[in-house]
Amino acid sequence: MRRGLFVTFEGSEGCGKSTQIRLLASWLRERGHEAVLTREPGGTPAGDAIRQLLQHAPEGHGLVPEAELFLFAASRAQLVREVVRPALAADRVVISDRFHDSTAVYQGVARCLDPAMTRMVNGYAVGETVPDVTFLLDMDAREAFGRLHRREGGRDRMESEPLAFYEAVRDGYCRAAEAEPDRFAVLDATLSETELSGCIRDILLDRFHGFFSR
Ligand code: TMP
């Protein structure tokens, strides 16, 4: 039986998800909740191998969008059953850096796969396990693109797309958030780290006061 809280973060590369996840986890820890942190693709040994193939391995370079869809879904199906469901059943807070919305947006919109097929594969991978809240760190595509290109270190296969790809990603996220306003919380990713983390805490306390006052 599900009793915990499932929180996901979405947004383009460079939008600041990892920083906000770290800040949220430490705030939760202060309140006595040791969060389970995970990321996609990855989060399990099998998922990490899939991540390596998708992002870094030379064998992944020729992957077609349809194959990508199934690889992301395979990683997610494993994560849901190996990590997310047991943690939620144990009353934990699970925070995932990306989840099924990434597939809907990156594969279903930016890679132009059939949205109905994307939804079906996504649905099969996650079943009933959908996030309680999804924080979308929204940023202008040009800004996201610029941040990505200014970042230290090389870019992986998924990060080597042209600006038009990031414009489609942003558009896809905005449409996903409009379609499910009760689940999504859209935040301006250009706010300061402190302002953003404050908004995130306020939204959690407001939407899930029952959970936090247990
Ligand atoms: P990240 O480590 O920056 O989150 O990178 C993951 C990359 O994989 C990013 O470019 C988004 C992409 N991605 C998809 O295309 N579909 C998915 O379902 C997921 C989870 C990620």
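Order of appearance sets the numbers: ligands from 1, and atoms from 1 within every ligand.
Protein heavy atom at the shortest distance from atom 21 (C) of ligand 1 is F72 CE2, 3.4 Å. Protein heavy atom at the shortest distance from atom 12 (C) of ligand 1 is M158 CE, 3.5 Å.
At a 4.0 Å cut-off, at least one heavy atom of R76 sits close enough to ligand 1 to count as contact. Contact between R51 and ligand 1 is present, with at least one heavy atom of the residue lying under 4.0 Å from the ligand. Residue R39 places no heavy atom under 4.0 Å from ligand 1.
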**Prompt:** Stepwise, does the side chain to side chain donor-acceptor pair (under 3.5 Å) test hold for T134 with T8?
**Reply:** CA-CA 5 Å; T134 298; T8 59; 2.8 Å; yes
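Ionic pairing of R183 and D132 is not present here: no N-O contact between side-chain nitrogen and carboxylate oxygen is shorter than 4.0 angstrom. Using a 4.0 Å cut-off between a side-chain N of Lys or Arg and a carboxylate O of Asp or Glu, D91 and R214 qualify as a salt bridge. With respect to E161 and R111, a salt bridge is recorded, a charged nitrogen being found less than 4.0 Å from a carboxylate O.
With atom 1 (P) of ligand 1 as the reference point, the heavy atom nearest to it among Q107, R98, E13, R111 is part of R98.
Between F6 and F99, a ring centre-to-centre spacing shorter than 6.0 Å is recorded.
Looking at Y106 next to ligand 1, no N or O pair under 3.5 Å apart turns up. Taking distance alone, with nitrogen or oxygen atoms compared against 3.5 Å, E40 stays at or beyond that limit from ligand 1.
Near K17, meaning under 4.0 Å from one of its heavy atoms, ligand 1 places the atoms 4 (O). Atoms of ligand 1 lying under 4.0 Å from any heavy atom of T103, numbered from 1 in the order shown and given with element: 17 (C), 18 (O).
Both L187 and I21 are part of a single hydrophobic cluster, where members link through side-chain heavy atoms under 4.5 Å apart.
Using modelled atom types, one side-chain atom of H209 and one backbone atom of D206 make a donor-acceptor pair closer than 3.5 Å.
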